[in-house]
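These numbers come from a predicted model, not from an experiment.
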Amino acid sequence: MKKIRIKMATVAPVQAENIPGENKGKKKKWYKKVIGKLIPPIWPAQSPDDPAEEEREITIEDVQKLIEEQRYEYASKGLIELEHKIVAGSEEPTLHMKDLEPLYGKLKAEVFRVIKKSITSTDRELLQEAIQAIVVQESEDSKCISDLENADGSRPKGWLQTWKECVRQSVEERIQDLPLEEKLNGPPTIIFPIISIGKLFKNDLIHLVTHLKACYPEDFDVCDTYAQHYHRHIKTRTEEITQFELCEKDNFAVLCWVHNLYPNEILKNPKLAEHIDDSRLECLLSQEVVRLLENNFLRNERDSFDEHMNKALNYEAELWKDETEPKMLGSHYHSELQIDIIQCHESSLKKAAEIRPELVDKLSISLQNNLYEILQRYKKVFEEYISSMEKSKTQNFYRETCITHLNCCLGLRTSLFRKEAKLRHGLRIKSTLLQLEDNIYDALLQDLFMDIKNNFKKMSQGSSPFSYQTMQNIIRIAETFMEPFHTLKDESYKVLSGKIHLFLVKEHLARILKRKVSYKSVQQMQTLANQIAENAELIDSFSAFYRSGEDWLKPALPKVAEIIRLQDLNAIQLEVATLVEDYPDIRNKQIEAILYMKGNLSRNEVKSILKTADMVERRVNDTQKLFESIKPS
């Protein structure tokens with residue numbers, strides 16, 4: 001647009017008595033109050049270089065031309081200058097305020113046409129012209145006095161209020177022009193029309209911030225003005241859909257919209273956050289309605305979890321009955337039940353997080369009872385399966401099925417208790433899984449342990465009290481048992497190996513404690529100690545090869561062998577004290593049973609050794625008890 005050089009003219013003082021008309025007194029009052037505030041006439045000279053044109057006054061035709069040339073600011077100022085001249089009486093009597101109204105109407109129509117279209121336009125210069133035309137009119141309105149009698153009613157024009165109404169209409173038209181069904185990502189929900197308005201809100205406000213805001217004076221509050229109109233439509237429509245009974249999917253969608261998508265993706269969008277004061281926007285829904293929707297969500301998730309888990313468990317139980325070989329995942333037997341429980345649990349918590357973080361804790365607590373109940377049912381159903389197999393001993397893939405569900409329990413514990421501190425009922429949930437695992441281990445190991453026990457009974461039937469050959473046979477039995485368990489996950493494999501390790505050590509100790517033979521010969525004691533030590537080495541080799549995690553068991557048999565071997569009373573006292581310190585659940589009767597084999601100890605020496613044992617502070621570890629279940633002879 002061509003720039004115009006402005007010439008400033010002054011308005012000559014007008015005598016009050018020169019104001020014509022029968023309302024002279026009122027006109028005089030108007031003049032006295034307003035004349036001091038009149039802006040000087042602003043008009044672009046026809047020819048800036050021609051001095052003769054410098055004092056040319058503006059005409060209606062000039063204003064008409066300015067409007068046509070889209071110089072709205074100058075047109076607005078020109079009309080006001082004509083107003084001043086009419087009021088001051090400096091214009092010919094044939095020109096009246098009503099003669100300006102058509103031009104005002106035309107200018108107003110053009111200005112607000114530009115305003116309305118600006119939400120999709122990037123023509124800053126034209127918008128600047130329109131806004132300045134409004135600013136000029138508002139400035140003139142502000143000079144009016146509220147009790148002033150303006151005979152022709154030409155003021156105030158109220159263009160700022162008209163601008164606000166224009167913004168409202170513009171927003172409504174934009175919303176009405178949205179397609180009835182807009183393609184959005186994901187399955188359709190009841191809130192998709194509202195999401196469409198939200199997307200329009202975001203895109204239009206980003207356009208406003210990027211291209212239009214700089215054209216507006218700060219007091220127009222343009223961003224919040226537009227935002228409030230979009231927000232009003234969104235709030236109304238959000239309230240409307242909650243009047244209906246919502247299905248599970250729609251209930252979740254409304255909560256996501258109210259708590260997450262709308263505030264975070266739109267109002268706090270990085271391009272908009274600092275331009276919108278969301279504290280001035282009402283909540284989309286009342287707290288009462290939000291609580292109702294959240295309670296519905298929690299109930300729906302619990303019901304859905306129960307339904308899905310019971311179906312998954314029933315399906316798994318059918319596989320056991322059908323004697324179906326479990327599936328492999330990598331190199332391990334695998335149950336889909338583990339994935340179903342974890343995914344269903346985590347999926348529910350993830351959905352809660354999509355609404356708001358505080359709902360995650362509520363749902364987690366709510367789901368824990370359901371999770372505990374389904375795991376209790378899982379435990380009961382699998383134990384029934386074990387019991388039926390112990391009676392029939394005929395089903396195929398029994399061992400493989402047991403391996404599968406040891407892997408399943410381990411997987412559940414690993415996944416569910418990554419954040420155990422947040423599980424209010426975590427201990428009883430974990431206890432249920434551990435009890436089921438123990439029952440499965442017991443079912444797998446009972447035949448092996450019976451075989452080992454029978455072989456230990458044979459240990460002292462030969463010439464040697466603790467036959468090395470018998471111990472070798474026992475270890476071979478254990479090794480043969482362990483061969484098929486490579487499909488067990490590492491941690492469970494170590495537990496299984498550790499249980500065998502513990503059983504071997506306890507059974508050997510039981511044979512020692514039950515041996516009611518007293519040796520007076522030092523040589524006999526040395527031989528006995530060596531036999532125990534050699535057997536201990538066989539057990540240690542087995543436990544190392546099969547990765548037993550029960551290293552705390554290794555010193556037990558060597559320490560007992562050392563007590564039998566030693567002859568010095570002080571050395572025996574020290575070794576017994578060390579044994580008690582390492583295995584504080586050992587009782588004095590069991591110590592006496594070991595000392596009984598040393599036939600060269602007097603009664604007083606035995607009492608002295610037991611007294612030393614009593615002086616040791618015993619700190620029992622509940623997970624590492626060795627002697628507690630061994631009955632002394």
Restricting to side chain to side chain donor-acceptor pair (under 3.5 Å), what partner residues turn up for [X], sequence neighbours left out?
X	result
Ser497	none
Arg237	none
Ser366	Arg302
Gln228	none

[X] with [Y]: basic N within carboxylate O range, under 4.0 Å:
X	Y	value
Lys202	Glu265	no
Glu294	Arg356	yes
Glu354	Lys350	no
Glu383	Lys380	no
Asp490	Arg547	yes

Could you list the residues that satisfy side chain to side chain contact (heavy atoms under 4.5 Å, CB included) with [X], not counting sequence neighbours?
X	result
Glu282	His231, Lys235
Ile234	Ile194, Ile197, Phe201, Thr238, Trp257, Tyr262, Leu284
Gln161	Lys164
Ser121	Asp123

Look only at the side chain of [X] and the backbone of [Y], and say whether a donor-acceptor pair between them is shorter than 3.5 Å.
X	Y	answer
Glu129	Glu73	yes
Asp585	Glu628	yes
Asn251	Cys247	no
Asp250	Ile190	yes
Asn260	Cys256	no

- Stepwise side chain to side chain contact (heavy atoms under 4.5 Å, CB included) test for Leu416 and Leu371: CA-CA 10 Å; Leu416 293 174; Leu371 182 59; 3.9 Å; yes
- Item | Pairs satisfying salt bridge (Lys or Arg N to Asp or Glu O under 4.0 Å), at least one member in residues 204-226, at least two apart |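 Listed by first then second residue: Arg174-Asp204, Asp221-Arg280, Asp224-Arg280.
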- Task: Taking atom types as modelled, find out whether Asn300 and Glu248 have a side-chain donor-acceptor pair closer than 3.5 angstrom.
- Result: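 On atom types as modelled, these side chains do not qualify, holding no pair under 3.5 Å.
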- Item | Tyr216 and Trp163: side chain donor to acceptor below 3.5 Å |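 Present: a donor and an acceptor within the cut-off.
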- Counterpart residues, salt bridge (Lys or Arg N to Asp or Glu O under 4.0 Å), relative to Lys506 (two or more places apart):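 Counting only residues at least two positions away or on another chain, Lys506 forms no salt bridge (Lys or Arg N to Asp or Glu O under 4.0 Å).
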- Query: By salt bridge (Lys or Arg N to Asp or Glu O under 4.0 Å), which residues pair with Arg168, not counting sequence neighbours?
  - Reply: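 Glu165, Glu172.
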Is the shortest heavy-atom distance from the side chain of [X] to the side chain of [Y] under 4.5 Å?
X	Y	answer
Asn439	Phe382	no
Ile500	Ser548	no
Pro326	Ile403	no
Leu298	Leu367	no

Might you point out which heavy atoms bring [X] and [Y] nearest each other, and give the distance in Å?
X	Y	answer
Lys116	Ser170	O-OG, 3.4 Å
Ile342	Ser415	CD1-OG, 3.2 Å
Lys351	Phe252	O-CE1, 3.4 Å
Ser118	Leu212	O-CD1, 3.2 Å

- Think Lys327 forms a cation-pi with Tyr333, using NZ or CZ under 6.0 Å from the six-ring centre and within 45 degrees of its axis?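 Judged by the rule, Lys327 and Tyr333 form no cation-pi pair.
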- Message: If the test is side-chain contact (heavy atoms from CB on, under 4.5 Å), which one of Thr225, Val167, Leu160 qualifies with Phe220?
- Response: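 For Phe220, the side-chain contact (heavy atoms from CB on, under 4.5 Å) test succeeds with only one of Thr225, Val167, Leu160, which is Leu160.
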- Message: Using the side-chain contact (heavy atoms from CB on, under 4.5 Å) definition, which of the options Asp277, Asp278, Leu272 pairs with Leu267?
- Response: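 That would be Asp278; it is the only one of Asp277, Asp278, Leu272 passing the side-chain contact (heavy atoms from CB on, under 4.5 Å) with Leu267.
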- Message: For Trp320 and His405, I'd like to know if the aromatic rings sit close, meaning centre-to-centre distance below 6.0 Å.
- Response: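 Yes, close enough.
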- Of all residues at least two apart in sequence or in a different chain, which pass the ring pair (Phe, Tyr, Trp, His ring centres under 6.0 Å) check with His308?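 Residues passing ring pair (Phe, Tyr, Trp, His ring centres under 6.0 Å) with His308: none at all.
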- Task: For atom CD of Glu318, decide whether the heavy atoms of other residues, nucleotides or ligands shown that lie under 6.0 angstrom number more than 12.
- Result: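 Yes, the 6.0 Å shell around CD holds more than 12 heavy atoms from other groups.
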Would you call the rings of [X] and [Y] parallel, tilted or perpendicular, taking 30° and 60° as the class edges?
X	Y	value
Tyr104	Trp159	perpendicular
Phe542	Tyr546	tilted
His345	Phe305	perpendicular

- Message: Set out, in order, the CA-CA distance, both residues' side-chain angles and the distance that settles side chain to side chain contact (heavy atoms under 4.5 Å, CB included) for Val136 and Glu140, then state yes or no.
- Response: CA-CA 6 Å; Val136 168; Glu140 188 65 16; 5.8 Å; no
- Message: Please determine whether side chain to side chain contact (heavy atoms under 4.5 Å, CB included) holds for the pair Ser543 and Leu553, giving the CA-CA distance in whole Å, both sets of side-chain angles, and the decisive distance to 0.1 Å.
- Response: CA-CA 10 Å; Ser543 67; Leu553 294 170; over 6 Å; no
